[in-house]
Amino acid sequence: MPIPPALLTPDLSTPSEAAYPQPLRPTLAGQTTQYITSTPPPLAPPQTKVPSPTTTIEAAKRLAAWTAVDRHILPEHKVCSTVPYVVERIVAQGKEVNKDRVFIPTGFQSKELIVNAQLLLGDVDQYPVIDVTIDGADEVDHDLNCIKGGGGCHLREKVLAEAADTFVLVADYRKNSSVLGTMFKQGIPIEVVPFAYTKILQNLHILGSTRAVLRMAKAKAGPVVSDNGNFIIDAPFSEEMMKDPYTLLTRIKMLTGVVEVGLFCHMAKAAYFGNQDGSVTIKWHDGKIEHVQADASPVAEKDPSHGSAAEPPPASAAAAANAPPMPATRAP
């Protein structure tokens with residue numbers, strides 16, 4: 001005679017030792033009860049403070065970033081930046097100034113910077129025109145052409161640089177050179193679709209980059225994969241070819257399978273370089289070169305271990321007083 005189904009099914013409405021001889025999952029280390037019944041503690045507030053520079057190079061980067069922020073960013077601006085020191089300076093301007101600003105990331109890391117600083121996050125889909133993009137560079141030449149992509153985000157960085165009315169570069173003194181490739185020796189970063197990388201490497205060798213290689217990851221096996229799911233090739237070229245980066249950019253971009261090239265040509269309005277002595281060198285797109293002495297810089301001669309840096313001036317007053325005429329801004 002068949003056994004009625006009710007006799008085979010335990011009573012789930014009142015759990016018992018027979019029905020549940022073991023916890024639903026192993027007890028967590030240090031947990032005194034088998035089941036979590038309490039409300040988890042609130043998350044710790046985000047850490048918005050960027051660690052103070054501990055080297056001359058880091059101090060120079062911060063100096064360049066702070067000077068650029070004070071001169072170019074107005075309260076009504078939509079802003080893009082991947083540089084921690086830029087975000088630090090913006091946050092220091094206060095919540096009231098930042099309440100209506102929109103910040104647009106170029107990738108995961110810059111998105112984390114914006115979110116942790118509790119700034120208003122936007123996207124290029126919402127804001128296809130940006131007021132100011134302030135970004136770093138791996139190297140900048142005398143015409144403000146630059147190499148970007150050492151971090152593998154140059155596709156998104158170029159989209160947002162092109163979307164900006166004003167594109168500004170910030171870097172330390174090592175990145176200031178006459179010809180690209182003088183200081184940044186690893187080559188031009190080139191984002192490529194994965195299935196075509198072998199053919200693209202062959203074509204790059206023919207173009208003149210005989211040492212072009214697929215960039216390999218350091219903390220995982222295999223190649224570096226960009227935020228877009230693509231591979232990165234690093235392609236060094238001769239000094240003679242690097243003297244004309246725009247022509248080189250167009251030749252590489254025409255190779256089938258190339259997504260984007262880490263050469264940013266004829267795009268930047270200004271480049272700020274923090275120097276070892278605490279001064280700032282500013283190169284403008286029209287060839288003008290400006291020097292800001294150490295005692296007039298945002299950090300004055302303050303050493304991180306001897307007190308805090310100067311407070312930023314009101315954003316609108318600083319930008320209006322120091323920056324050259326800029327394109328009309330757009331309110332959010």
Side-chain angles (χ1 to χ4, degrees), residues 82 106-107 133 135-162 167-218 220-271 273 283 285 287:
T82 64
T106 59
T133 292
D135 213 346
D138 297 305
E139 191 172 14
V140 185
D141 72 8
H142 57 84
D143 292 322
L144 303 193
N145 301 309
C146 69
I147 296 176
K148 288 177 56 61
C153 296
H154 53 282
L155 169 59
R156 298 189 183 198
E157 289 170 347
K158 186 173 282 190
V159 169
L160 293 174
E162 289 183 348
F167 176 44
V168 177
L169 299 168
V170 294
D172 62 79
Y173 55 91
R174 302 171 303 161
K175 313 298 178 64
N176 185 5
S177 67
S178 298
V179 179
L180 297 180
T182 303
M183 304 299 294
F184 189 72
K185 299 290 189 181
Q186 83 180 52
I188 300 169
I190 305 169
E191 185 164 345
V192 304
V193 292
F195 81 92
Y197 86 90
T198 301
K199 178 59 178 173
I200 295 170
L201 277 173
Q202 183 183 55
N203 290 339
L204 288 170
H205 294 162
I206 295 171
L207 277 181
S209 181
T210 57
R211 294 184 291 115
V213 294
L214 184 66
R215 186 184 297 180
M216 304 305 290
K218 291 183 170 59
K220 65 174 277 293
V224 168
V225 179
S226 74
D227 286 350
N228 312 299
N230 297 316
F231 289 171
I232 306 289
I233 289 174
D234 292 309
F237 284 88
S238 68
E239 179 180 345
E240 193 61 33
M241 297 186 75
M242 295 298 285
K243 286 180 179 179
D244 186 4
Y246 185 76
T247 298
L248 186 56
L249 164 63
T250 56
R251 294 180 68 185
I252 297 172
K253 192 69 181 285
M254 288 300 293
L255 298 177
T256 303
V258 168
V259 178
E260 192 49 78
V261 183
L263 285 172
F264 288 50
C265 299
H266 309 159
M267 298 176 69
K269 297 291 180 67
F273 302 97
K283 289 184 174 181
H285 68 288

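This one's a predicted model, so the numbers in the text were calculated from it and none came from an experiment.
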Handout entry: Qualifying salt bridge (Lys or Arg N to Asp or Glu O under 4.0 Å) pairs, either residue in residues 192-211, two or more places apart
Key = none
Exercise for the section: Locate the shortest heavy-atom distance separating P194 from G229; write the atom from each residue and the value. Expected result: CG-O, 3.6 Å
Completion exercise
Closest non-hydrogen contact found for I147 with P189 is CG2-CD, 3.7 Å
Practice task
Find out whether I188 and L248 are in side-chain contact, i.e. whether some heavy atom of one side chain is under 4.5 Å from a heavy atom of the other.
Solution key: yes
Practice task
Specify the closest pair of heavy atoms between L144 and L169, including all atoms of both residues, with the distance to one decimal.
Solution key: O-CD1, 4.2 Å
Problem - Heavy-atom donor-acceptor pair, D141 side chain to D143 backbone, under 3.5 Å - result: yes
Practice task
Mind listing the closest non-hydrogen atom pair of L201 and A212 along with its distance?
Solution key: CD2-O, 3.5 Å
Exercise for the section: Could you tell me whether the side chain of I232 reaches within less than 4.5 Å of the side chain of S226, counting heavy atoms only? Expected result: yes
Practice task
Measure the spacing between CD of E139 and CD of Q186 and express it to the nearest 0.5 Å.
Solution key: 11.0 Å
Completion exercise
By salt bridge (Lys or Arg N to Asp or Glu O under 4.0 Å), E260 pairs with (sequence neighbours left out) K158, K253
Completion exercise
Closest non-hydrogen contact found for G149 with D138 is N-OD2, 3.3 Å
Exercise for the section: Return yes if some donor-acceptor pair links the side-chain N/O of N145 with the main-chain N/O of L263 below 3.5 Å, else return no. Expected result: no
Problem - Residues in salt bridge (Lys or Arg N to Asp or Glu O under 4.0 Å) contact with E191, at least two apart in sequence or another chain - result: none
Completion exercise
Residues pairing under salt bridge (Lys or Arg N to Asp or Glu O under 4.0 Å) where one sits in residues 145-156, two or more places apart or in two chains, turn out to be D135-K148, K148-E157
Exercise for the section: Please name the pair of heavy atoms, one in D227 and one in C153, separated by the smallest distance, quoted to 0.1 Å. Expected result: OD2-SG, 4.2 Å
Problem - Neighbour count above 12 (heavy atom, 6.0 Å) for M183 CE - result: no
Practice task
Run through I200, L204, N203, I233 and flag the one making a side-chain contact (heavy atoms from CB on, under 4.5 Å) with I252.
Solution key: L204
Problem - With sequence neighbours excluded, residues passing salt bridge (Lys or Arg N to Asp or Glu O under 4.0 Å) with R251 - result: none
Problem - Approximate separation, where rounding is to 0.5 Å, of I190 CD1 and L214 CG - result: 11.5 Å
Fill in the blank from the handout: For T198, the side chain to side chain contact (heavy atoms under 4.5 Å, CB included) test, sequence neighbours excluded, returns none
Problem - R174 backbone acceptor or donor facing D172 side chain under 3.5 Å - result: yes
Handout entry: Any donor-acceptor pair under 3.5 Å from K218 side chain to A221 backbone
Key = no
Problem - OG-NZ distance between S178 and K243, expressed to the nearest 0.5 angstrom - result: 10.0 Å
Exercise for the section: Kindly state each residue pair satisfying ring pair (Phe, Tyr, Trp, His ring centres under 6.0 Å) with at least one member in residues 236-268, sequence neighbours excluded. Expected result: Y246-H266
Exercise for the section: Only pairs at least two apart or in different chains count here, so list each ring pair (Phe, Tyr, Trp, His ring centres under 6.0 Å) that has a residue in residues 184-206. Expected result: Y197-F231
Practice task
Find out whether K283 and N176 are in side-chain contact, i.e. whether some heavy atom of one side chain is under 4.5 Å from a heavy atom of the other.
Solution key: yes
Fill in the blank from the handout: Residues at least two apart in sequence or cross-chain that pass side chain to side chain donor-acceptor pair (under 3.5 Å) with T250, listed by chain then number, are none
Completion exercise
The side chain to side chain contact (heavy atoms under 4.5 Å, CB included) partners of A171 (sequence neighbours excluded) come to K175, F273
Problem - side chain to side chain contact (heavy atoms under 4.5 Å, CB included) between T133 and M267, worked out - result: CA-CA 11 Å; T133 292; M267 298 176 69; over 6 Å; no
Practice task
Would you please name every residue forming a salt bridge (Lys or Arg N to Asp or Glu O under 4.0 Å) with D234, sequence neighbours left out?
Solution key: R215
Practice task
Apply side chain to side chain contact (heavy atoms under 4.5 Å, CB included) to V213 and list each qualifying residue two or more places apart in sequence or on a separate chain.
Solution key: none
